[in-house]
Amino acid sequence: MIDDKYTYKEVEREKTQLLLENFIGEMVNQNQYTKYKMMEDNRILFPSEAKAIFEDKLAQLEDDKYQELVDKIMDIVIETI
């Protein structure tokens, strides 16, 4: 049996990352060929391909850069609403 142990910080990042991935995916789906389109090899990527690229980039962020992104998003939300 594998005994996986995660820190509180790792669990919190996983939760927020899942929320961000779902949000990004929804925005890509809703605006797939306009605002959030991505090009590769002179073709527009399918929404699922673009979403996968965003998810990979998000997962690759170092902890400090990830926290900076989350802080910026929250600052914008607080200022806007």
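Here the structure is a predicted model, which is why all the values come from computation and not from measurement.
Note on Val11 and Tyr66: separate hydrophobic clusters, where clusters join Ile, Leu, Val, Met, Phe, Trp and Tyr whose side-chain heavy atoms are under 4.5 Å apart, directly or indirectly. A single hydrophobic cluster is not seen to contain both Ile76 and Val70; linkage of ILVMFWY side chains at heavy-atom distances under 4.5 Å, directly or through other members, places them apart. Hydrophobic clustering of Ile, Leu, Val, Met, Phe, Trp and Tyr side chains at less than 4.5 Å, counting indirect connections, keeps Tyr6 apart from Leu19.
Around CD of Glu49, the count of heavy atoms belonging to other residues, nucleotides or ligands within 6.0 Å exceeds 12.
Distance check, rounded to the nearest 0.5 Å: CD1 of Ile73 to CD1 of Ile78 gives 12.0 Å. How far CG of Asn22 is from CD of Glu55: 8.0 Å, rounded to the nearest 0.5 Å. Distance check, rounded to the nearest 0.5 Å: OG1 of Thr16 to CE of Met74 gives 11.0 Å. Going from atom CG of Leu45 over to atom CD1 of Ile53 covers 5.0 Å, rounded to the nearest 0.5 Å. In this structure, CD on Glu26 lies 9.0 Å from NZ on Lys51, to the nearest 0.5 angstrom.
When every heavy atom of Pro47 is checked against every heavy atom of Asn29, the shortest pair comes out as CB-OD1, 3.4 Å. The minimum heavy-atom distance linking Ala50 with Met38 is given by the pair CB-SD, 3.6 Å. Leu58 and Glu21 get closest at one heavy-atom pair: CD2-CG, 3.9 Å.
A salt bridge is defined here as a Lys NZ or Arg NE, NH1 or NH2 lying under 4.0 Å from an Asp or Glu carboxylate O, and Lys9 with Glu12 fails to meet this definition.
Side-chain contact check for Glu68 versus Lys65: some heavy-atom pair is nearer than 4.5 Å. Counting heavy atoms from C-beta on, the side chains of Gln17 and Leu61 never come closer than 4.5 Å.
Screening Asp64, Asp63, Asp71 for a side chain to side chain donor-acceptor pair (under 3.5 Å) with Gln67, the sole residue that qualifies is Asp71.
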*Give the intermediate values and the outcome of side chain to side chain contact (heavy atoms under 4.5 Å, CB included) for residues Gln30 and Met27.*
CA-CA 5 Å; Gln30 287 182 18; Met27 293 299 95; 3.7 Å; yes

